[in-house]
Structures are given as C-alpha cells and as structure tokens.
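Accompanying notes for the structure given below.
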Amino acid sequence: MHNLKKVESISAVNNFVIKFANVNGSGSASANQMFAKAMFRMGIPVSPKNIFPSNIQGLPTWFEVRVNEDGYLGSRGGVDIAVAMNPQSYSKDVEEISPGGFLLYDSTWKRNFNRDDITIIEIPFTQLCVESFKNPKQRALFKNIAYVGALSALLEIEYKVLETLISEQFEKKPSLIEPNLKALNLGRDYVLENLSFPIGITVSRSDKLENKILISGNEAAGLGAVYGGATFCSWYPITPSTSLAEGFEKYAKKYRVEKETGKNLFASVQAEDELAAIGMAIGANWNGARAFTATSGPGISLMSEFLGLAYFAEIPLVLFNVQRGGPSTGMPTRTQQSDVLACAYASHGDTKHVLIFPSDPKECFDFAAKAFDLADQLQTPVFVVSDLDMGMNDWVCDKFEWDDKYLFNKGKVLSKDDLDEMENYGRYLDVDNDGICYRTYPGTHPEKGAFFTRGTSHDEFANYTENGDINAATLTRLMKKFRTASELVPEPIIEINGKDSCGVIFYGSTSPAIHEAKDLLKEKEINVDLMQIRSFPFNLDVWEFIANHDRIYVVEQNRDSQMRTLIMAEGGISPEILRPLVHFTGDPIQASFIVSKISEREVNYKSHINAKKR
Amino acid sequence: MHNLKKVESISAVNNFVIKFANVNGSGSASANQMFAKAMFRMGIPVSPKNIFPSNIQGLPTWFEVRVNEDGYLGSRGGVDIAVAMNPQSYSKDVEEISPGGFLLYDSTWKRNFNRDDITIIEIPFTQLCVESFKNPKQRALFKNIAYVGALSALLEIEYKVLETLISEQFEKKPSLIEPNLKALNLGRDYVLENLSFPIGITVSRSDKLENKILISGNEAAGLGAVYGGATFCSWYPITPSTSLAEGFEKYAKKYRVEKETGKNLFASVQAEDELAAIGMAIGANWNGARAFTATSGPGISLMSEFLGLAYFAEIPLVLFNVQRGGPSTGMPTRTQQSDVLACAYASHGDTKHVLIFPSDPKECFDFAAKAFDLADQLQTPVFVVSDLDMGMNDWVCDKFEWDDKYLFNKGKVLSKDDLDEMENYGRYLDVDNDGICYRTYPGTHPEKGAFFTRGTSHDEFANYTENGDINAATLTRLMKKFRTASELVPEPIIEINGKDSCGVIFYGSTSPAIHEAKDLLKEKEINVDLMQIRSFPFNLDVWEFIANHDRIYVVEQNRDSQMRTLIMAEGGISPEILRPLVHFTGDPIQASFIVSKISEREVNYKSHINAKKR
Amino acid sequence: MTFIKPLNHHPKLEKNNLGLTRRDYEGAVSSLCAGCGHDSISASIIESCFNLNIESYKVAKLSGIGCSSKAPAYFLNQSHGFNSVHGRMPSVATGANCANRDLLYLGVSGDGDSASIGIGQFIHAIRRQVNMVYIIENNGTYGLTKGQFSATNDLDSKNKYGDDNLFKPIDLATMAIQLGATYVARSFSGDREQLIPLIMGAMQHKGFALLDIISPCVTFNNHAASTKSYDYIREHNEAVGKTDFVPLGEEIKTSYDEGTSVEVNLHDGSKLSLEKTDKNFDPCDAGKSLNFMREKEKEGKVLTGLLYADSTAKDLIETLNMTETPLNQLDQDLICPGSKILDLINKDLS
Amino acid sequence: MTFIKPLNHHPKLEKNNLGLTRRDYEGAVSSLCAGCGHDSISASIIESCFNLNIESYKVAKLSGIGCSSKAPAYFLNQSHGFNSVHGRMPSVATGANCANRDLLYLGVSGDGDSASIGIGQFIHAIRRQVNMVYIIENNGTYGLTKGQFSATNDLDSKNKYGDDNLFKPIDLATMAIQLGATYVARSFSGDREQLIPLIMGAMQHKGFALLDIISPCVTFNNHAASTKSYDYIREHNEAVGKTDFVPLGEEIKTSYDEGTSVEVNLHDGSKLSLEKTDKNFDPCDAGKSLNFMREKEKEGKVLTGLLYADSTAKDLIETLNMTETPLNQLDQDLICPGSKILDLINKDLS
Ligand SMILES: Cc1ncc(C[n+]2csc(CCOP(=O)(O)OP(=O)(O)O)c2C)c(N)n1
Ligand SMILES: Cc1ncc(C[n+]2csc(CCOP(=O)(O)OP(=O)(O)O)c2C)c(N)n1
Ligand code: SF4
Ligand code: SF4
Ligand SMILES: [Mg+2]
Ligand SMILES: [Mg+2]
C-alpha cells in the first residue's frame, strides 16, 4: 500500500466485486471457493462466478465474486479488487479494475502496472511459500490459500470462519488441516506485519442469509432427481451438464444403497453418446422407471429424433438441458438461453414439448423433482431448461424443503387389477377427454394390456394405421394434451409494481439481474411489472399479464428473442407489444444493461406519449 | 354393363377421377403409369398419385388419377371410376365411388357389391389371362395391362398411343412388346366384344400440354443437381427422398462420365446414416466441391447438430428435404409440410437457415440448380423443401430450360492470385459489409489463406476466442448475412385479383389446389389474392403483400401452422391478420377443403363488416 | 412358395407346460412378403417360446426400423413391444433392461439397422453385456427402402438391378465375439432345426446373446448373383455341428464320439449340446473360434451354428450392482430420502 | 516435466528438400497440459512431414472434439484445418477426400471421439477405405470433459478419483484389422523413434491407415492404477520389432536375420522395413496378426509397432472410379450437360 493515489480509494462494507485471476489447473478453485463460502458463513449475500476456458490447464481462468449486503447477486460488472495471480492475464486484469480499486498480486516478481488510480498491494506469495513449504506441489498450491489469508486481514474476514472451513474441508484428511492453516496464516501474517490494513473495502458479519444455502443448480437438480424418485440416469459427458449427472450419482450413492446388501437402488450409465443416452432413458421410462438424461446444446440436437418418438409414442422422459453458448460447439464454458426454440419444437414434424425453467438452485431442486411427476402425468418429454451460470456456479438460495406426505404422481398407469376390471383397453383412448391416455407397463398382466409402442402412425389401440383421419385425430389429441399440460406446469411469478407500468418478461438465470434492475429503474421513476415465466406451454396467467400491458420487454440471453417467438407463435400476441431485449455475449446479463436498455426506451416511449397528449 | 341404375351415370369428357386399387408388389405400377402417360400423350392434363403403404408386398395400394381438361391437377376427392383389382380393399373401394360412377372389377370371381347407384363393369381378367398366358408370373402381371386395354375401349383412349407407349417401354427388351400388346388387346377386345362402350366418361385428344412434361419432383431435383454442378452426393435411404439421390445418380451416370476413360465426374456415396451423409456433404463443400444430401423428416432431426456447424462455420451445403408425414417415423408414405420449423431453426443455439420451396417439378429442377449458387454465395446450408406428393408423383409441368451462357456463381472464393495480392486475409472479415466473407479452398496457396474451420466461437481470423463481444459480433454479422440472403432467394409469386380481397399465402405442393380453389371461390364471388412463398428468409415483397391485406389465410399442410409461425416471428406480423388454414391428414390438400374453409370464414367476415357498417 | 419347413409333426394344438398352444404365442398377421425369411424366424421364435414354456407377458420385444423390425408385431401378442427408431433399439433395450431386470428382452433388428446406422449402439450394448437376445435378420439389403445394399452384403455380390456391391461386408458375429459378447451364433432362417435350439439357448443365456440369422429377402436379394439368397446359403452353409437344447434336469441322450462333443451350460441349468463337425473348432475359445470362422470364410463357406459361448460372464445388471427388485417396482420410501435427510443436506450447504 | 525425447541431435534449423525447417511445420502454441501425450504426437507429426518433404498446404487436417481434436491447431500452420463435431470427423474426411483426391488427409481423434460417439463413422470410413491417415490419441479417458472413462479404458483400471472402470475395452486396432483397414499400427506418444517411421509409413500408404497411439493424459489418467499412464505403458510395451522408413530409391541398409525381417511397400515406392522380434508375427497376414495381438493381450502386454499392412488394396476414389481431376476443379462445361441435352430429356419426358 505504497502508491500515491490520484483517485480516492473505494470504500465499502459488504458491497464489492472481487476477481481472482488464476491459471487453469493450478489448484486455485478450492481457495477461491473458500473465500466465497466465508462470505456466506458471515451471513453476507455472495455470488461467485467461475469464468473458465474450455481447456484443462495453463490458460487464464477467473473467479469473480460479488458481495452484496442488499442481496443483489446478478453479475455486476466492474472489479473493485483484483487478485492477480496470473502474469499471462495481468494487462487485462489490471485494466479492468475500477478507479479507486485494489490490486493484489504476487510480488515475488515485481511489476510496474502503470495505474496510479488504484491501490496496488504487493505480497510475495511464491517467495513466502517457497520459504515455508518443501514439497514443490505444495509450494504452488498453497499460494492460493495464502492469498485468502492475506484477504482475511485486508478485508477483515473473520479468521474463525476460515479456520472452520478448512477443518471441515479436510475432515477426512486431517493431516492436511495444519499445512492449510499454515498457508492461510502465511498470507494473513504478512499483511498484519507488513501492510496497512484493513483496506477501504471490508466485510462485516450480517444476518441476511437465514434459511439460505449455497449450491450450484446442477447439484441441486441432481439431488432433486433423487428426491423425485429417478432410479435411472443415462448421460454423456458435456459441459456444463456433466455435474448434474454427477450430482445425481453422488447423492444416489449416498442415499440410495440398500443397507443390507450394499446394492444400488438406482443405475447410472455413461452412454456412448447422446443418442444412446436418451434412448436408454426412453427405454427405462417405457418400462415404468423414472429415468432422465442431462445434456447441453449439441446433445439436444442429437436427441431430436428420439424426442419426436417420445412425443408421438407418448413416453414420459425428463431431460435436463443446461444451456451453454451456441450455436454449434460454440462457447462451451459460457452461458446463454439460446436453446429455447430448439427444445420447444425439437424434432421434425408437428411437435411441441413441455419446458420448465428454474431460476435458481432451489427451483432446480423443486423442478427436477416435479419434472418426473409432470412427465408421468403427461406421458411426454419434460425439459428442465437451465444454463451454465445457474448450473455450474454456486448460488445463494432458499433451503430445500420436502413434504414427507407428498406422494409421487405416476400418472395414468393401469395395474393388473385395473386391467382385470376393464372390457376394452386401448393405449391411446382418450377416456378422460384431457388428451392423456392410460399406460400399462410391460409384465403387468398375463393376458391383458399389452400393446405395441411405435413412432409410426397408430390408432387408439396402438395398431399401425395409414388412415389419415385417424392420424389427424391423434395429432389433434396431442394438442389437447398440450392444453392440459398448460394447467399442470408451474405458473409464472408475477409482480405488479404500479399502474401504467411497462411489463418485463424474463426467465431462468436472468432473475437476479432483473430484480436489481427493477429497483434501479424505480430510482429513475420507471416502474416495471415483472413476470418470470416458468414453463411452456404458457398458462392463463401468462396471457393475462400480457393482455394487461401495452408494452413488454422480453429479456433474454439469446440473439433471436426465442421466448418472444414462442409467445407470439403460441398466443397470437401482437409483436409491437413484445419488445426484444437481448444479451448474447455468453457472459451473464447484468442489471445495468437491462436498466440502460429499458430506461432509454421508456424515456422514448414517454416523450412519444406526451407528444401525443400535447 | 348390366345393372339397373337408379342414379344417372356420370357423363364427362376429359374430366374425372379414376382410382386403381391394387395389391402392393403385384406389378400394377407400370400399367397404371401407362394409363396416366396415355392421358398425357393425348394432350389432356393429368395428375396421377400413388397412395401406397409402408410395405413391400401384399397390402392394398392405390393409384389415383385425376384427368382434367382445365388443368386443375390437385387432388380432387371422390372417385368416378374404380378399377378394383384387390378383393382385400373391395369394400372401401366400392364405397368411395360417387353415385353415378363406375366400377370395373375382375369378375373371374363374381361379387355382389350392394350398390345400385353405380355402373358395375365385370371383366374376368384372371380368367382371360390364364387362358392366354402359360407362365404363371405373366398370368398375374398381364392382368394389369389387360385392364388398361379394357379402359381404352371403355373411355376411348387412342389405341395408337398405348401401342407406342408399350413399344417405347420395351425398347430394350423387344421380345416383351408382343405379349404386352396381346394383354392390352385381351382387355380391349373383351369390352369391344361383350360390353357396351364407351361409358359416359370418355377422353378425347386435347392440346393443353404444349411445352409440358410429366415428371416427379425428385427426379427433376436430381437432374437439377446435375445441372447445378453438384459433383458429390451423400445420402441415406429414406422414403420419400430416396428417389432424389437415385435420380441424381441416374442422370450423372448418363451425362457425367468421362468419355475417354469411362471415369466418373461425380461421386455418390450411400452413407451409413444421416449424420454421416451430411458430414460427408459438408466435408466436400468445405473442400470446394458442390455437394448435397437428400433426406426426409427423421434425417433432418439427425442432421441438426451438423447443420449448426455448417451455419456457424459458414460452410455451403445443399440439403433436399422431401417431407413426409410426421412426427417421428410417422407416415412415411404420406405427404405433409410439417418440417418447416425444424428446417428453419434446425440445431441448438441461435440459428436460422435458408429454405427454398419449389411448388412443382419445374421448380424442383430450377431450385435444385439455384440452391448450389445460393449455398456458395451465402456460405451456409440451403434447404430445398419439397414433399412426398410433389417428390414421388409424376406432375405435369413446364419443360425444363437451361441458358448455356449462365455461369455458376461460386461465391466469394479467393484464388492463389487473389491471395498473392492481399495483405491481410481473415476468413471471417466482413470486407463487403454484407455479412458474407471470403473463403479459400484447402490447397490453394503454399503460404497464404490457410485457416482453421471450427464450430467453436472464433474471431475474424478464424482463431478460437472466448471473448463474448467478438462472438456476439459474429452472431450479429450472421444476422446481417441472413438479411443479405433475403435479397438473393427466390421472391414470392403474387397474384392480385381485386380490391379488398383477402390474401392467401401458400407454398409448395399446395399450389394446384390453391389455384383451383381461387377459381371456385371466384364463382362464389370471393376474390382472393395469392402469394406463393418460395423462400425463407422472406423478402420485401412478402412483407408488402402482408401489409396490403387485413386478413390472410395461411394455407399449410401441417398441424401447427408452421409457416405462419415463421412469418410472425420474423416479421412482427399481427397474428389476427394471419389466419391458419391447415390440413394434416397426410393426404394431399384439396381445393374443396380450401374453398369450404375460406368461404365459411369470408362469409362470417363480411357479415361482420356489414353489421359494423349498418 | 414357402420356405418354412413343417415342424416335426407336432400336432398344431399340442400344449406346453403352461397349458398353452403355439397359437398363444402368435402375433398379428404378417404383412411381409410371402416367403420372406423374417417370417420363418418369427415362427422359430414362437416355437422356442412354446418349448421353453415362456410367459409372453414377461417378454419385451424391441426393434428398430425395417421389415425385420416390423417382425416383433408378428409374434407374441401378449408381450409389450417397442418399435423404436432406426438403429437405436440397443439403447432402448439397455434402458428397459435396467428398469426391470425380470423380463426377457428380445431385440430384433436388420442388417441395415444394426450394421450401419446402429452399429455404435450395437457395439456398446455388447460392451455393456446387456442381458438380452439380439436377433439380426440379415438379408444383405435394405428391404423396406427397396433394395439398397447393406453393410453386410458381400463384395461384388450384385443387387436386383445388376449393380455390383463395391464394399467388403461387416461380419457382425465376428465383431460381437471380438467385443466380448458371451453367446454368438449364426444361422439361417430356412434351417429351423438348427435355429430353434440356438434361439432357445440364447433365451436361457445370461448376458448379451447375438443371433446373426441369414434371412433372405425374396423381393430384393434372392437372385442368382446374391450371396444372401436361399440358394446360395443352402449351398454354402457349413454348420459347426448339430446343436441340441437340453432342458434343465434332462440328460443329454446322444453320446457323441470323444472330442467332437461340447456342452454349453446355460444360466438356468439347461444346456446346449453340440456335436462338432471339426475338432479344431471350440465354441468356448474365442480365439480359436475366430480363426475357424476366418478359415471358413476364406473357403467361401457361411459358417453357422453356435460360434461362441461363455456362461460365466457378468451382465450389466450385475456389473452395476443393482438391487434384486426391479427399479420400476421400488417403493417411494425406498427411493426418496425424505425431509430429515434433506435437513442434513441443507446443513451441509450452509 | 516433459516426455518428449530429444530428437536425434538434429540441429533445429536443418532444412529438408523443400528448403523448409521444422519450424515451418509448426502450428499455434499448444494449450494442452504440460506433458500431455498429444503434444508429443504433434511433434512427431511435424518431424514426419519435415522428413517426407511434405508441402503443408497440400495437407488437410481434420478432427472431432476433445483435447486430442484440438491438436491439429498445434502443427502445420499452413494447412487448412477442420475441427468438426464430436465423433464425426470420419464423415467430413470422407467427403473432403472425394472432393479433392490430391490432398493428404490427416485425421486426428481421441478415444472418446472414435470409440464411443464416433465408432460408427470410424468403422464405415475403414470399410470404404478412405485414403487417409487416422490418428487416435488414445488416453483411455475423456480429457476435455475432465476424466470420465472412455471405451478404450481397461477393465478394472481406475480413474483419478479411485473408481473402477466396469467395462472391457474396445481395441480399435483389432477392430480396424478385422474390418479391412490396410495399414494398422499401435504406438506410444513417448516413443518417437518408433512413432515417426510409423507416421511416415501411414502418410505414404494409400487407403485407410490407422495409428492407435497411446497418449497419456497427465491430468486425468496418469496415476498408478491407470493402464494408460506413462509408467504402465513403458513397462508393458512390447514392440513387434524395429521399424525403419526407407525413402523411395534408398536401399534398406541393415540386413536382418532370415525370417525376422519384413518389408512393406508403400504407395510411392518407399518402404517400411520391420525387424520382427517374433517369427510368428507377420504384419502382412491379418489372421496371424490378430492371433499374435490376442496372445500378447493375454500376457498383459501392449503390442506396438506396425500390426498390419496391405499395400495392394483399392481406396475409395478408385472404388468409385473417379476421374483423375479433383472434383472441386472440374470446369462447368464438364459437369453441366447444357441445353441441348436438356431438350432431349424434355422429349423423353413428354
Ligand atoms: C433415421 C431413419 N433413416 C432412414 C429410415 C428409412 N429406413 C427405413 S427401414 C430402412 C432400412 C432397413 O434395412 P434393414 O434394417 O436391413 O431391414 P430390412 O428391411 O432389410 O429387414 C431404412 C433406411 C428411417 N426410417 N429412419
Ligand atoms: C455432441 C457432443 N457431446 C459431448 C461433447 C463434450 N465433449 C467434448 S470433448 C469430449 C470427449 C473427448 O474425449 P476424447 O475424444 O478421448 O479426447 P481427449 O480429450 O481425451 O483427448 C466430450 C464428451 C461435445 N463437444 N459434443
Ligand atoms: S422386402 Fe424383403 S425383407 Fe422386406 S418383407 Fe419383403 S422379402 Fe422380407
Ligand atoms: S486433460 Fe489430459 S488429454 Fe487434455 S490436455 Fe490435459 S493431459 Fe492432455
Ligand atoms: Mg436388411
Ligand atoms: Mg481421450
């Protein structure tokens, strides 16, 4: 802290963005996570985001943490503190720091950064570690813990919290606790002994996180699948969905093993590709197990043919699509919401699929479990559509809840007894006039209820037919089923904030940015009404909200305004009402972006209206 | 002709529907085709349609021929004459005959059909053939020629025409001419000797077919690909697109073999599946050959991933989608237009593809050739979207034309000399500000112009990047390219028929039914303006037509009004203006269906307007 | 023209141990071409199920797309069937198998379905050792799409229109042995005496059982220049020996010459007994078996019979250490950990 | 930590017959992990091209998706490259090959890319005998997605986290020989002396040449319980012999003991000469070769070297009877039949 400053240093409590710049594969992840978790443990809302390359080792990678007492946890933009541990990316990292901000770097190799408007904090981490550790691996690794230690002094992070985190982390390898603490203190003590502290940015214990947890959407969804009764998972590795299948496996291995025998009450198969992954899930669902697959963009494309089969043969299926940057292989480690149309209309021919859109890990958990009920009830594929930002980053969200009285809804499945009482079973008879027919599982009844499932046109008894009218009737019934679906899927969350407000439609991981934007807009005297869409098909509430607004911004993280297209196509909504507001760089959308776009257009709108009045 | 008739027999010249009911695999196809071709040779507009099962042998199959002096050649509905050769389907076949119509059947086994409102014509075909031919195969086969002979007498088909057709058909196996003629006369003479003839329905030489040909859309498209300079075809068998690839091969084998060496100036590879088929076509196009693949619904789904690659890496590609009944395996031998959305938005992420829609075999030929220019100019996949009805049935259309001065447009490709003159080549630099950049083929220049093609995000020099702004710029440029495309694709054909008329939008094989419907509606004093859409993206004429109408019926052969969705999504068109008019049984749409739907709604509309006025 | 040999004088209404007649194992009326090999295979499947006293409703029939893949509609009416998409039956079967370990899985596919579009799934189902009977009705052609060459068609064999096949065939039986399939046989649709015991053996086998059955397509691939025609196979067929199925408890009746007889134990205690025609052949030694097949191929023979069997291998269910109860029958309280555990998890996450 | 052996004392700036140095064959700076086997393979490719005096711009580099599939960016900067989609490089290469027969096609793939999602395309590219070099950088794992087992991973080998691999490996070299690939070798990224002549031989071979190269993943599959680690391969590697590449015109210098030496002729007249370590082995006899591989596998050895070669086979271009001029260079008047012929066609159709 020995620079002359032209600009005043930023001063803030529990409100800043810190960005760790590391080398991929250098073991920084757990130190960075410890920092984020420490904020959480101190009761301060925090949102860590991993900005990583599609690479395993050696390239720049960043961990950006926003700390915000008010609970605004979308990406904010700007960097108040940079912890620059990667000389490769120094120039970019240092440039990003806001005037008045702070730079912490490994001064074992001193540098001149040509910024006199920031505070540069020099700590010779490598040198410290070389002096303190013998093992070369540890020397490299513990630099990371050391900077967390340094930050604990600079920002006044409670030491106890970090200590506990370390002992929890190494509960099963207690021999590692001591060296980690040593590394922590190495950085901490260096600050305490050599630098002035705290800096202008500090943290202070808060109480904003009661009943909150910190978890990634993928892990939450994996756990939700366990709770929802999924017994079979088939998947193929692909970023950013891999950790969802792994999450399922992790919890299943823990809570789904028969105590007496050590045998598994589930199966998880890494398939040879996405076509096989969905095929297996379809086969298992057909046979009456709750089964799912998880994938990302390219997987959706490859699964298209099978999705049409499941739609037309009416086989339940749960599919998690954790979206990444498209098109094609695109940006595998960046976030987008650009598979909405690909999912909604997946497959050739007239097809429409049920989509549900969680907006945080809590909803990932809830919707994952719910998806299995929906799929069984509707006998059709149900997509849980999330994205990389919410899927792979830890988010603060409400604690998970489970009602032990709740019974799975397996939908219309006939038992042996049911069949015994029936005269005339037809797999595709619309007995209840809701478009949903009665299934039987293979092996149910020695004489009754068997049928032949097929993707070719079929009559009400599942027999092959080339009769056009019968086939048209089937297709029409499927539309009816889709209407039934609109009554079962999660309704939107609507927030009305005033008269004559403009509407804002959003979904998924855009949620935190929107809620912050709403408050910021209010400060500018722009009131917005919010509707968080949580499903397709849209239910009545959606249409009502739209009908009640003369202008609605549809905020999406894709280029082509895909949700807007869906709304227009399905609802016959006038396009002038629905105004696209899109962001598609692959970085999470920010409140400031939304605010600038909406306020600009609202100002135009109002001057236009006023001009009219005059 | 020995029935007492309650209803008067139909009486018509050159205006009827005749339906041949046969057994699949029994060799009736060539006899039936001969009948249709005879009409054509007599100068009478004719439209034969094969209604065949997804089966090889033994099931009922039909050949429906509409003969219409006025040139209305869409499916009409109703049967005036049934040639019932398949006892399996007697009941359905006989039921279909319009009152006053005629039934011709094989009276070797006599039947009572319980219809006294039609004329039943009995000819013991089997018996006649058994008596006249020894070889059991011939006995079965020649029944078919015999009924054509019978019809020649009953309907007054010129004998000479049939004779010529037979000698043309067996030009290369002249020994077969005589037995075929014998079979023809067998049926003919039986009528001449035993029955009263002609019946009320007859044909008479006309002059309506000058400059016309009779060909299927698939064969036309295969030929178009040859003319368009395609040198590589990779495909996987699937009904109804198989005959397109086979058509290409047939003509290529004929006109694309080096005389001196006997070597092929083309290659056609039957791939192991659709993913490989499109992959090969992409590889060949990347390497500078004009290459295509042909497929149908399930193939489109399977090709989705690769389509995204071609879109994003900007590789030309021509893809023929001959649509069949969906979803899933659906109705492989029936027609629909239900892959419009699947093609337009194929693949995950933000993607949009160029589609062109031929409406008859002439356009199949023209558009096939044009597609290669478009793909090369735009460096993107171009879909030629036709369907089973137009693809597999012979249609009357204008003769093909070719301008020998016309030069292929290979788009922006740099030669060695071009590169030598350049300072700074970047594969994705938008030099001309039209969204289209300059390609180089591998092997062009020893030092310059090489680049790395990839489906991951890339900068203007084709280098991998994870910079979100750069990637967003690429995606935005692709939108610009799509706008450029809208100026290059075939414009719509617009026909304005009066003031205050309602609009009708249609495309593809719906064309004949629409033109007939238009005239029929006119008789009801309903004027309609027509717009035949021939491409996506839509060009200005499309928007202008829409803007000039307050109500437009969008006539489609799918359930979900897919073209309407596209129009709304892309143009921001108010949904009330665009009124879905859909037909999706898998049978070709009929003028009468369109007339009834439009007139009903127009009557409502007008009474509504009048009510307002009053 | 029929190629279905009359069954060995069984009166049509004979009953099996379940009191069922052969009719009870039939399916819908076939819509395949008269004389199609696939129909004969269906008849042999029916016979095998009858003989094994199988309860139809405990069988799941799965297939892809093609004439062959239609066949499951023509037998076992009381079984659930699943006619999936082209080439993807193996994955559907794998998932179904995991969901309910108690059914018998009978997959039917064609050479187009399995050797081209589906070969990846075919290979990986073998690798995973899915417990199923996998029947390939191999006619060297794409029947349903009208006679294109398939990847099992022999080099230089011709199609109906006289064109040469330009590529070497893929031998799925060889591939299966190579990949570790634990029951591999080749047979001929027209040889029901050989085929039925092989099907029965496959049904009693635990693990992946492949039956590559040459099944002539009378419409598109039964001409003189085809190597998958009835005539060609009849002439070039060379059986590894005579196979008998010996039900559980029964003794092998015939005593063969020393060295010429092998017994293959099946999962339920029944056996296949094979009287070998060649001492060098050993269906329990994959290497030898592959060599023998290669030799016979060179001689221009189509080797049929049980080519390889290993009754000791683990199937997928075992490999995945799955519970005895079929997954689709697990009660909610066994598979939903409940609120108490969720509280613990919440604690871990805060 | 580097596993790249120093090249035999070549001064860095030595020039080849084209006047090019090794630097001229380099690519972008690798972003793979330090020590990754894939980088060594890139170095060997560079060396091979340098040795063969290859003009980079006449090479097309193709790949799928994975760490291995990124590798083509790290050599031959003057070559066009195509990083396609996961597992589908073979089809892209097939099409590219048909469009321009004059380039050298170099496909690079991973074991995930080729043995799982891409195995169908892999098989059919072999079956069609596409004239290309197909390199599998085989590390038994999915590097880019962080260490899942691939289908070439050995049974009971463990991943980084200690989990057992439950399934048997697919041996792509065996499969390729079985399917009729005409040049099949296995090697090890760390053994450049063996690898370089094998790559050179593959480049001069006409037809499908497979190089299955064990290429350890230092990050995810280089631990003690892995059978694809540097240590394991070093210990279990057994070469079929020493291979030398003998350029056109040069004579084979070393004279080996009788019966231990084989020469393999390459398309352009150059040769591979192999000093065999075992008399039973014969790289020109597929059957023997397969047996030998099977034997060594049983002994727990990883057999490396040239496993099979046949320089007489037709490649796809020949099979399809294609003209000598690359299709992408045919003039319009050769490929567009023109209006006169169209008139004839119109006549036929009316
Ligand atoms: C994805 C897809 N591609 C192509 C087809 C068309 N198709 C139907 S059956 C078939 C081939 C069947 O051949 P095979 O499996 O050998 O069965 P066979 O009819 O000879 O018994 C094909 C290509 C399809 N249904 N789906
Ligand atoms: C269709 C599709 N599925 C999944 C992925 C994710 N993915 C990227 S690389 C890879 C595996 C790579 O493994 P391998 O081919 O062995 O290459 P390595 O990284 O080990 O060299 C996978 C599954 C993808 N890119 N595309
Ligand atoms: S076409 Fe061939 S495979 Fe299909 S049913 Fe007929 S004979 Fe059998
Ligand atoms: S993860 Fe493995 S395969 Fe990928 S670059 Fe690193 S060492 Fe190589
Ligand atoms: Mg077949
Ligand atoms: Mg790998």
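Within every chain, numbering begins at 1; the chains are lettered A, B, ... in the order of the sequence lines, protein sequences first and strands thereafter.
Using a 4.5 Å cut-off between heavy atoms, L223(A) contacts chain C through its side chain alone, with no backbone atom that close. Contacts of K410(A) with chain C are absent, with no heavy-atom separation under 4.5 Å from either backbone or side chain. Contacts between Q78(C) and chain A at a heavy-atom distance below 4.5 Å involve backbone atoms as well as side-chain atoms. With a 4.5 Å cut-off on non-hydrogen atoms, E401(A) touches chain C through its backbone but not through its side chain. In this structure, no portion of Y464(A) lies under 4.5 Å from any heavy atom of chain C. Contacts of A276(A) with chain C are made by both backbone and side-chain atoms, with heavy-atom separations under 4.5 Å. For F400(A), the parts sitting under 4.5 Å from any heavy atom of chain C are the backbone and the side chain alike.
Listed options T325(C), D348(C), L62(C), T94(C) were ranked by heavy-atom pairs under 4.5 angstrom with chain A; first place goes to T94(C). Highest contact tally toward chain A, considering only L349(C), I123(C), N328(C), is held by L349(C) [criterion: heavy-atom pairs under 4.5 Å].
Using modelled atom types, one finds no donor on one side chain facing an acceptor on the other under 3.5 Å when comparing N463(A) with Y428(A).
Of the listed residues (I65(C), V92(C), V108(C)), just one forms a side-chain contact (heavy atoms from CB on, under 4.5 Å) with N83(C), and that residue is I65(C).
Salt-bridge annotation for D398(A) and K212(A): present, with a side-chain N of the basic residue lying under 4.0 Å from a carboxylate O of the acidic one. Between D113(C) and R88(C) no salt bridge is recorded (no basic side-chain N to carboxylate O distance below 4.0 Å).
Relative to the six-membered ring of F408(A), R290(A) meets both conditions, a distance below 6.0 Å and an angle of at most 45° to the axis.
Ring pair W286(A)/F82(C) is tilted by interplanar angle, where 30° to 60° counts as tilted.
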